[in-house]
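Notes follow the structure.
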2 protein chains.
Amino acid sequence: MQPDRRDRRRLEAREEIKDTARALLAEQGAAGLSLRAIAKRMGMTAPGLYHYFGSINDLITALILDAFTQLAEAVEKADADVASRGGAERLVAVAHAWRRWALDHPIDFQLLYGSPIPTYEQPTDTTYPAARRSFLVTASIFAQAIECGEIDLPEEYRRLPPEIARSFDALTGLEGHDLPPHALYLAAISWARLHGHIMLELFHLIQPVIGDVDALFAHEVNALIRQVGFTPSQ
Amino acid sequence: MQPDRRDRRRLEAREEIKDTARALLAEQGAAGLSLRAIAKRMGMTAPGLYHYFGSINDLITALILDAFTQLAEAVEKADADVASRGGAERLVAVAHAWRRWALDHPIDFQLLYGSPIPTYEQPTDTTYPAARRSFLVTASIFAQAIECGEIDLPEEYRRLPPEIARSFDALTGLEGHDLPPHALYLAAISWARLHGHIMLELFHLIQPVIGDVDALFAHEVNALIRQVGFTPSQ
DNA sequence: TCGTTTTATCTAACACTGTTAAAATTACGC
DNA sequence: GCGTAATTTTAACAGTGTTAGATAAAACGA
């Protein structure tokens, strides 16, 4: 027997469904996403899609996983492009790539971090590993920078609260558990700062306060780099 | 003529609709919100609600405006409770009140900052003034702290990028335009940092990295206070 | 008190949504 | 060509927001 052909066909159909879903999402926003609309555009009917996805939630989850991967690849590529430079420059590159991806794919980004579909409940155990991948890029840079002595930890980050240090022990088994606690901690707070700026910008909430959001973000990334203890370059 | 009675009755009906919407939202999440469900619980039918709200979007907008006000009041109260203390302590109180409100009202908070309803498009011109109110609490504290000399601005925040300084001029007319640029800037970046932490926590994305989110938040607020230049207390 | 007018609510209908069951079609191996 | 398994369709159910038109209720003037 030769199951390849049918299996491949099945995978292709899944991809086509996701692609049309993404197209609809891009054209009409989250409101335009519906099984019937996807099916119609593909020249079939809605119940037919149930042979490829158990429900629309499963489809959305698949889209989310893809988007997380896409974000991670964008971030990893940005890091790789400046891999020869120091940790500070790599972090700056990663931060801007992260924001760039969010601004270029606002619906996907809200899909990842805003759960804009009311009936949809994100299966965190499935999506979290995908979300973790981007985070690990940042954490790895911090880890390397700490090891190389590029970072002179300021007082407020030198000694972590004992509750937090303790919580790192629970990470055993997860990818990245071998990274030093300070790297994980600095990556977490950097992520949160980054994320806050991007979300407020995506929802047009910070533009009325700070008109030039590009300058704001660039300035804050630089401030972050200094505040975590990178010695000012040249 | 005596339009009071009818007008009051009309306002009461609007309030009752919003209250049942909030109850439904709290009980079943964003997916449970529907005109028919609201109407059924109130003992009437869905089209009847159209005499009080032009559409379900108008209703959601009203809920959002109320929620923004509620958040602002919580934040203002927290500030007022420690009004006699210094700026640093006031900021810490405000930050924790902000997070507390978000954690206690997750659906409302996502309504404000996550637009979880796909068909809903937020009329930013209407909602922004309400959103601004909480922000102004923080900005005012910074303004006062700067004026009183409580803040020794670090190098990265002393001289703002010219594009940003310029964008503040466009604020003329808006409430808060009389605040010094540094206060607005510091408030904006503080807001973003705060917001990022809260959002990641609400979506359970940061717990797998930092188990003790309470400690993380408290620690980061303290770090923020120092990094914006508050001289360490005692 | 009797109309009249305004306000409020209902019924019926339309075009959607996700989902299920059963029937019909297509494709594949023998 | 036949039988089996994989796909896809039709029909239906229970929802959704929304509109139009009829109906009920309240308020007002004579």
Side-chain angles (χ1 to χ4, degrees), chain A residues 1-18 20-21 24-25 27-64 111 115-123, chain B residues 1-18 20-21 24-25 27-64 111 115-123:
Chain A
M1 80 173 188
Q2 188 195 11
D4 284 349
R5 191 155 143 53
R6 263 212 307 258
D7 276 14
R8 207 183 53 214
R9 165 117 185 63
R10 195 181 165 84
L11 280 178
E12 279 174 8
R14 269 182 72 103
E15 282 305 315
E16 190 185 344
I17 293 171
K18 288 194 291 182
T20 50
L24 283 169
L25 227 35
E27 287 170 28
Q28 311 173 23
L33 189 67
S34 82
L35 288 180
R36 283 182 160 91
I38 295 169
K40 179 184 261 184
R41 180 165 293 199
M42 291 177 61
M44 57 187 296
T45 56
L49 302 180
Y50 278 79
H51 270 249
Y52 301 98
F53 293 95
S55 72
I56 198 173
N57 270 19
D58 289 4
L59 170 56
I60 295 171
T61 301
L63 292 175
I64 288 179
L111 217 56
S115 85
I117 285 97
T119 69
Y120 177 71
E121 195 76 26
Q122 201 170 132
Chain B
M1 78 172 186
Q2 187 193 12
D4 284 351
R5 196 162 135 51
R6 265 212 307 259
D7 277 14
R8 206 183 54 214
R9 164 116 183 64
R10 195 181 166 81
L11 280 179
E12 279 175 7
R14 270 181 72 100
E15 282 305 316
E16 189 185 347
I17 292 171
K18 289 195 289 182
T20 50
L24 246 23
L25 227 36
E27 288 170 26
Q28 310 173 24
L33 188 67
S34 83
L35 289 180
R36 285 183 159 92
I38 296 169
K40 177 183 264 184
R41 181 166 293 197
M42 290 176 62
M44 58 188 295
T45 58
L49 303 180
Y50 278 79
H51 270 251
Y52 301 99
F53 293 95
S55 72
I56 197 173
N57 271 18
D58 289 3
L59 169 58
I60 294 172
T61 301
L63 292 176
I64 288 179
L111 218 56
S115 84
I117 285 98
T119 71
Y120 177 71
E121 195 75 24
Q122 202 171 129

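Throughout, a chain's letter reflects where its sequence line sits, starting with A, and its residues are numbered from 1.
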Rounded to the nearest Å, what distance is computed from the CZ atom of residue A:Arg14 to the P atom of nucleotide D:dT8?
14 Å

Euclidean distance, atom CD1 of residue B:Ile17 to atom P of C:dA8 [Å, nearest integer]
11 Å

Need one value for B:Phe53: base, sugar-phosphate or nothing, where a base atom within 4.0 Å counts as base even if backbone is also close, heavy atoms only.
nothing

Is the shortest side-chain N to carboxylate O distance from B:Lys18 to B:Glu15 below 4.0 Å?
yes

Rounded off to whole Å, could you give me the CE-to-C1' distance for the A:Met42 and D:dT9 pair?
15 Å

Roughly how far, to the nearest 0.5 Å, is OG1 of B:Thr20 from CG of B:Leu24?
7.0 Å

Judged by atom type as modelled, is there a donor-acceptor pair below 3.5 Å linking the side chain of A:Arg14 to the main-chain atoms of A:Phe53?
no

Is there a side-chain polar atom (N or O) of A:Tyr52 under 4.0 Å from OP1 or OP2 of D:dT7?
no

Heavy-atom side-chain contact between B:Leu49 and B:Leu59 under 4.5 Å:
no

Rounded to whole angstrom units, what separation is found between the CD1 atom of A:Ile38 and the C1' atom of C:dT17?
12 Å

How many whole angstroms separate atom CG of B:Asp58 from atom C1' of D:dG17?
13 Å

By side-chain contact (heavy atoms from CB on, under 4.5 Å), A:Ser55 pairs with (sequence neighbours left out) A:Asn57, A:Asp58

Could you tell me the separation between the CZ atom of B:Arg9 and the P atom of D:dA26, rounded to a whole number of Å?
9 Å

When the side chains of residues 27-43 of chain A are checked against the rest of the protein, which donor-acceptor pairs come out under 3.5 Å, sequence neighbours left out?
residue	atom	partner	partner atom	Å
A:Glu27	OE1	A:Arg41	NH2	3.1
A:Glu27	OE2	A:Arg41	NH1	2.9
A:Ser34	OG	A:Ala37	N	3.0

Could you list the protein-to-nucleotides 20-26 of chain C atom pairs, N/O on both sides, closer than 3.5 Å?
none

Distance in angstrom units between B:Met44 CE and C:dT11 P, rounded:
11 Å

List for me each residue that meets side-chain hydrogen bond (donor to acceptor under 3.5 Å, both in side chains) alongside B:Glu16, sequence neighbours excluded, and say none if there are none.
none

Select one nucleotide: of D:dT7, D:dT18, C:dA8, the one nearest the side-chain heavy atoms of B:Arg10.
C:dA8

Just the rounded figure in Å: distance from P of D:dT10 to NZ of A:Lys40.
13 Å

Report all interatomic pairs (protein N or O, nucleotide N or O of nucleotides 21-24 of chain D) with separations under 3.5 Å.
none

What's the shortest heavy-atom distance between A:Ile64 and A:Leu111, and which atoms?
CD1-O, 3.7 Å

One should report the stems of DNA chain D, each a stretch of at least three consecutive Watson-Crick or G-U pairs at distances under 3.5 Å, as C:1-30 with D:1-30

Just compare D:dT18, D:dT7, C:dC10 and give me whichever is closest to any side-chain atom of A:His51.
D:dT7

Nucleotide N/O to protein N/O under 3.5 Å, stretch nucleotides 14-16 of chain D:
residue	atom	partner	partner atom	Å
D:dT16	OP1	B:Ser34	OG	2.8

Return the set of residues passing side-chain hydrogen bond (donor to acceptor under 3.5 Å, both in side chains) with B:Thr61 (not counting sequence neighbours), or none when no residue passes.
B:Tyr120

